[in-house]
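If you're wondering where the values come from, they're calculated on a predicted model, not measured in any experiment. All residue numbers in this chain count up from 1 along the given sequence. Both backbone and side-chain heavy atoms feed into the values below; hydrogens, waters and symmetry mates do not.
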Amino acid sequence: MKNEKVTAGQQRPLMSLRSLFGILFFLLMIGTILLSYLINMLLLESYYLTDRKKSLVRVYNELQSASVSELLTTDDFDYSLRESLREGNMSLLVMDSDTRTIKVWSADESLMEERLYSNIFGMTPIMNSDSPEGQMPPDEDSQEQQDEYGSEQGRDGIYPEEETDESYYESDYVITQVLEQEQPYAINVVLDRRARSRSIEMWGPLGESSFFLLRTPLEDIRSSAATANRLFGYVGVVLAIVGTLIAVWLSRRITKPLKQLTDISVRMKDLDFSAKYDGANRTELDILGRNMNELSQKLEETISALRTANNDLQRDLDRRNRQEEMRQDFLSNVTHELKTPIALIQGYAEGLQDGIADDPESRSFYLETIVDESNKMNTIVQKVLMLNQLEFGDDSVSMERFDIVDMIRNYLQSASLLAQQDGVKLLFNQKDPIFVWGDPFLIQEVFQNYYSNALHHVDFSGSANEKVIHIHCKATGDLVRVTVFNTGKPVPEDSLPHIWEKFYKVDKARTRAYGGSGVGLSIVKAIMTLHHRGYGVENYENGVAFWFELDAGVSADYDE
C-alpha cells in the first residue's frame, strides 16, 4: 500500500473502514460457528427427544380418537396410521385384555409383546441416582457399559426416586429416563443393554379394555452431534476463509466510494473543487456523491462570483484611492502653479495702487507684466481643465479619417512666425498626403504640445551651429509615426520616466521663463491613451525626438 501524505488539519484514522469491515465480518462468522457448535452440544439431544415425544403423542392421539370412534380396525384408518408410523420410524402393538393382538406394526412382534408385558407388570427396572454409574452384571464387559451408562446418567439427570433392586442387574432392559408419567400413558427412554441401543417407549391403556405400545429407536444423538460438529468445524473453516475473501471484496466495494467522498471533502475544505465523484450505482453513497458534486459546483460558482465581486470592489477602491490622490495632487500642483503669477499680479497691482510707478514707462511695464501673468494663469487653467476632462471625462473619442500631413502643414503656417523670431530652422518636407484614423482636434493638441515643447527647448547644436526643428511622418504597415525632433540638450536620464507626469518640469527656471505649465506632456499621454496607441521620447547626441503613432488610413510607406 502506498503511503498517503496527510495534509495539514487532516487526521489519519486509527483503522480504515476496509479493515474494520473485514475484522467484524470475520469475528461474526467465527462467533456464528462457535455458537452453532455449542447449541449442537447442549441442546441438540433435548430437542431431539422432545421432537420424538411429540411424534409419539401425535400417533397416540390418532389411536385414541379412532378407538373412541370405533374406527381402529377400519382399512382407511389402518392406511393413515401406517403412514404416520412409517414417517416416525415407529413400531406399534395394540392388545386387548385377553392378550389378543388387535393391531401390530413391527418387524419383531414377540419383542413388542415382551416389552408391553414388562411395562404393564413393572418388570423394567429404573436406573436412578443411587445406582452405581453404569454398573452392569458381573458376566458382561463392565468397563464399556460403565462409560455408556455413566454418560447417560450425567447427561439426563432425571430419575424417579426409587431404590434399585437386584432386578436391575438381571434385566436386559433398563429405563434410563422418564419423559412422561402423569398422563394416561407413560413415556420412557429404555436402554437395551445387550444391543447397546436406546429406544423411546410409550405405553398405556387404549379405550376401556386395550393396551398399546409405541416404540421408536433412539439414535445415538451424542455421537451424531459430535460427528455433525466435526463436519461443521471443517465446513466452518472453509466458510471462514471464503467469507473473509468475500468480506475483503465487499469492504473494498463499500469503502471505495467512502474513501473517494472523504478525499473530495478534504479537497473541498481546501477550496479545491476539481475532484468529482464518479460512481455510477444507485446506492445511498452514490446519491451522496452526486449531491456532493452539485454542492462542489455550486460552491465553486459562488466562490468564483464572490472573488469576482471582491476584485471589482478592490478595483473600485483602488480607482477611488487613485482619484483621491490625483485630486489632491491636482489641487496641490494647481495651487503651486498659480501661486507665482497671482503673487506677481498682486505685487504689481499694489505697486500701481501705491503710486510707485508714476512715470508712463514704469506704469506701462507694470501693466504689461500683469497682463502677461494673467495670460499665463489662463493658459494653465485651460490646460488643467482639458487634462481633467481627458482623465475624468466619458473617455469618448470622435474617430475620423484625415490627412495628418495637411494638418501639420496648416499648423506650421500659423506658428512659423515664432520659429523665425527665435532663429529656428524648421524642416518639414512631406508633400504626399498620409491618412490616419483619430480625433483631429485631439491629435492637433498632441502635435501642438510637441512642437511648443521643441520650440522652447531648441538650442544650437552640431558643426552647423544651428537651431533645428525637424518634423517627419513615416507610414509602416498599419501604423503612421509622427516625430518632432529639436536640437539641443538631451533629456536627463533620471527625468525620462517622469516627464509625462503632471506638473513635472525638467528645468523649472526655463519652464517658468517661457510660461510653461508642466501639463503639456500629460495631455499627450491622456490623448494617446484614449486612442490606444503608442507615444514616447528618444534622446540623441544632438537633441531630443518626441513621437506618437496612429492607425493608417491607407496602406502606404512615405518618408521625406
Side-chain angles (χ1 to χ4, degrees), residues 315 319 383 386-416 426-455 457-458 468-487 490-491 493 495-502 504 519-560:
R315 186 176 64 250
R319 181 185 300 172
K383 288 186 176 293
M386 182 178 185
L387 179 61
N388 187 66
Q389 178 63 28
L390 291 172
E391 291 183 341
F392 301 101
D394 56 4
D395 295 346
S396 61
V397 177
S398 178
M399 300 295 290
E400 297 180 12
R401 181 174 178 271
F402 64 96
D403 183 2
I404 187 69
V405 175
D406 184 62
M407 185 205 74
I408 294 174
R409 185 182 296 112
N410 292 334
Y411 179 80
L412 292 178
Q413 288 178 357
S414 62
S416 60
L426 185 60
L427 300 177
F428 181 63
N429 301 322
Q430 187 69 43
K431 303 297 182 183
D432 296 328
I434 299 179
F435 289 92
V436 296
W437 285 99
D439 189 317
F441 174 76
L442 296 180
I443 297 303
Q444 181 173 330
E445 184 68 25
V446 171
F447 179 78
Q448 178 180 334
N449 278 284
Y450 277 179
Y451 179 77
S452 176
N453 189 67
L455 192 61
H457 290 84
V458 68
V468 178
I469 295 178
H470 186 192
I471 302 168
H472 64 94
C473 303
K474 182 179 181 180
T476 305
D478 295 334
L479 295 176
V480 174
R481 174 174 288 196
V482 178
T483 305
V484 179
F485 171 81
N486 66 272
T487 58
V491 178
E493 292 296 329
S495 297
L496 285 176
H498 305 288
I499 60 175
W500 310 99
E501 298 175 2
K502 291 186 290 291
Y504 182 82
V519 296
L521 294 181
S522 299
I523 292 176
V524 171
K525 175 183 176 181
I527 293 175
M528 296 314 300
T529 300
L530 291 177
H531 281 76
H532 303 288
R533 285 293 168 256
Y535 61 95
V537 59
E538 296 179 5
N539 275 330
Y540 293 90
E541 294 181 359
N542 60 337
V544 181
F546 285 85
W547 57 271
F548 66 91
E549 293 178 336
L550 293 172
D551 290 328
V554 294
S555 180
D557 186 6
Y558 296 104
D559 200 354
E560 69 280 5

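- For the pair V458 and L455, the tightest heavy-atom approach, listed with the atom from each and the gap, is CG1-O, 3.4 Å.
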Notebook entry, point to check: Is there a side-chain contact (heavy atoms from CB on, under 4.5 Å) between F402 and V436 once you walk through the steps?
Noted result: CA-CA 6 Å; F402 64 96; V436 296; 3.6 Å; yes
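- Partners of Q413 under the side-chain contact (heavy atoms from CB on, under 4.5 Å) rule, at least two apart in sequence or in another chain, are R409, N410.
- No donor-acceptor distance shorter than 3.5 angstrom exists from the side chain of S452 to the backbone of N449, with no hydrogens or angles considered.
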Notebook entry, point to check: Under the side-chain contact (heavy atoms from CB on, under 4.5 Å) criterion, do L412 and F447 qualify, and how do the steps go?
Noted result: CA-CA 10 Å; L412 292 178; F447 179 78; 4.2 Å; yes
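- Side-chain contact between L426 and I471 is present, with at least one heavy-atom pair separated by less than 4.5 Å.
- The CZ atom of F435 sits 11.5 Å away from atom CD1 of I404, with the distance rounded to the nearest 0.5 Å.
- Every residue two or more places apart in sequence or in another chain that forms a salt bridge (Lys or Arg N to Asp or Glu O under 4.0 Å) with D551 is listed here: R533.
- Using modelled atom types, one side-chain atom of H531 and one backbone atom of D439 make a donor-acceptor pair closer than 3.5 Å.
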Next item on the list: Go through N539 and L496 one step at a time and tell me if the side-chain contact (heavy atoms from CB on, under 4.5 Å) criterion holds.
Entry: CA-CA 9 Å; N539 275 330; L496 285 176; 3.8 Å; yes
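- Side-chain atoms of Y540 never come within 3.5 Å of backbone atoms of P490 as a donor-acceptor pair (strictly under, hydrogens ignored).
- Counting only heavy atoms from C-beta outward, the side chains of T483 and E538 never approach each other to under 4.5 Å.
- Closest heavy-atom contact between P440 and S398: CD-O, 4.1 Å.
- For F428, there are no ring-ring contact (aromatic ring centres under 6.0 Å, His included) partners two or more places apart in sequence or in a different chain.
- The two atoms that bring A552 and G477 nearest to each other are CB-O, 4.1 Å, heavy atoms only.
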